[in-house]
Amino acid sequence: MLATRVIPCLLYQDGSLMKTVKFKSPSYVGDAVNAIKIYNEKEVDELIFLDITATAENRLPDLAVIRQIATECFMPLAYGGGITNVEQVREILHVGVEKVSFNSAALNNPKLITETAKAFGTQCVVVSIDVRKSIWGKYVVYGDRATRSTKENPVEFARKMEDAGAGEILLTSVDREGTWEGFDLELVEKVSNAVRIPVIAHGGGGTLGHIRDVVKLGKASAVALGSLVVYQKKGMGVLINFPKPKELRSVLS
Amino acid sequence: MSQKVKILDYGLGNLGSIQNMFKKLGIAAEITGEEAEIEKADKIVLPGVGAFDEGMRGLAKSGLAGILSRKILEEKTPLLGVCLGMQLLTKESDEGKEKGLGWIEATTKRFSFAPNNELKIPHMGWNEVDICRPDDLTKDLNKSGENARFYFVHSYYVECENARDVLLKTSHGIEFDVAFRRDHIMGVQFHPEKSHRFGMQILQNFYEL
């Protein structure tokens, strides 16, 4: 039977790995390549690597960095950050990346999702959706690293993206990110029930129990982890780590 | 005794990752689409990502069909098909109109589940495999004490006509073949280059054949 994937999601900014809380206050985690070497040694299922300032800074994806990271990964790798055309996708896949993730492009130019899926297959297309809850309790999709509210609601947007050619959705709760408080189960379940493609839950994962809940109750197909895999514990220093396979099996089976 | 491993470049597939894993094992595998280089091969890897017809047409356009036939069918050079590469070795696929190479008695079929079935297509992620019969290609897979598992991503699967050709199976709704071997012609559905130590074992075994 297919195992539920548990995936470190790494945020890259100014040449290093960073960690944010609710998409704010970035703090330094360490060297990206070194961290990825460690995750590879720990045989993580997959890795998501996001260059979180590429779009804002109008930068192209840094192929040299991406290539370096790809050579350290003997597991599937997804890259996101600043991708604006299919040629870039081709180059990125060529250096050894399995999947590309679209966030800004999904909002501003969804045709790119369709083009990419047509050219390379939906299995290499991840659409990354960042969501905040309004004060009236409504879920709203946000763009530009959660600085810009859109008119989209995550359920309909996820469906639109599935129709456009997305192979997976990376669903991030901005409100839970970096808080260790657990995933937003209601959000994850709503979106997972709305689409047939896998939904990767992201934002708030702080314990094995959270991982279990977002899969069993939130119906997530996969789980992305941030704080839990870069810090020793909540409020403590950096430690590149990953839950033991036995521990994950015990909560996911 | 250093073997020359050539990874076939016919326009498809993530060749760098396969080369990279060989490199980690201390094996210098060359990526090539040149007839002269393929001629020198002691072992050939046929990679592939994408659609069946695209793969067969890519092979045809590459001009390598002749040298490949000669190396594989006449000289019996060991060949490992990976993912789509494995499927191209079969007779035909539900996915496409083109005929496959037909170098193994097998066909490629589409996964098809009832509408209310929650199982997703493509079969994507890590899955454990069952060992059907012992073989040098698949030896030592469970040596670490853990069940061998690999990374899969595919919407079509291979069905071998002869049970004795089947080395490994897995299950996703149905049980299906994920590794075959008929003499020097081998195929694996999963991506060894993305399957950590289990994939490394497969590539190491292939090299040592």
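All of these numbers come straight from a predicted model, not from anything done at the bench. Here is the naming used below: chain letters follow the sequence lines, and residue numbers restart at 1 for every chain.
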- Query: Considering only heavy atoms from C-beta outward, does the side chain of B:Lys24 approach that of A:Phe74 to under 4.5 Å?
  - Reply: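 Answer yes - side chains close enough.
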Please find the pair of heavy atoms, one from [X] and one from [Y], that lie closest to each other, and give the distance.
X	Y	result
B:Lys120	A:Ile197	NZ-O, 3.9 Å
B:Lys194	A:Cys73	NZ-O, 3.2 Å
B:Asn20	A:Thr71	ND2-O, 2.8 Å
A:Pro198	B:Met124	CG-CE, 4.0 Å

- Task: Determine whether more than 12 heavy atoms belonging to other residues, nucleotides or ligands lie under 6.0 Å from atom NZ of B:Lys61.
- Result: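 Incorrect, the count does not exceed 12.
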- Item | More than 12 heavy atoms from other groups under 6.0 Å of NZ on B:Lys4 |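 No - once you tally the heavy atoms of other residues, nucleotides and ligands closer than 6.0 Å, there are 12 at most.
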- Item | Side chain B:Trp126, main chain A:Asp45, donor-acceptor under 3.5 Å |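 At least one qualifying donor-acceptor pair exists.
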Heavy-atom distances under 4.5 Å only: say whether [X] touches chain A with side chain, backbone, both or neither.
X	result
B:His196	both
B:Glu118	neither
B:Thr170	neither

- Message: Please rank A:Pro76, A:Ala222, A:Gly96, A:Gly167 by heavy-atom pairs under 4.5 Å with chain B and give me the top one.
- Response: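 Greatest number of close heavy-atom pairs with chain B: A:Pro76.
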Which bit of [X] is near chain B, if near means a heavy-atom gap under 4.5 Å: side chain, backbone, both or neither?
X	result
A:Arg5	side chain
A:Ser221	side chain
A:Ala70	backbone
A:Lys42	neither

- Item | Member of A:Glu98, A:Met75, A:Glu46 meeting the side chain to side chain contact (heavy atoms under 4.5 Å, CB included) criterion with B:Tyr151 |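 Among A:Glu98, A:Met75, A:Glu46, the one that satisfies the side chain to side chain contact (heavy atoms under 4.5 Å, CB included) with B:Tyr151 is A:Glu46.
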- Task: Give the member of B:Gly16, B:Ala51, B:Pro192, B:Gly125 that has the highest number of heavy-atom pairs under 4.5 Å with chain A.
- Result: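 Ranked by heavy-atom pairs under 4.5 Å with chain A, first place is B:Gly125.
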- Identify which of B:Arg197, B:Gln19, B:His172, B:Glu146 forms the greatest number of heavy-atom pairs closer than 4.5 Å to chain A.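 The residue among B:Arg197, B:Gln19, B:His172, B:Glu146 with the greatest pair count is B:Arg197.
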- Item | Proximal to chain A - members of residues 33-42 of chain B, heavy-atom separation under 4.5 Å |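 Contacts with chain A: none.
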- Task: With a 4.5 Å heavy-atom cut-off (strictly below), which parts of residues 80-94 of chain A touch chain B? List them by number.
- Result: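 Residues A:Leu93, A:His94 are the ones that qualify, each having a heavy atom under 4.5 Å from chain B.
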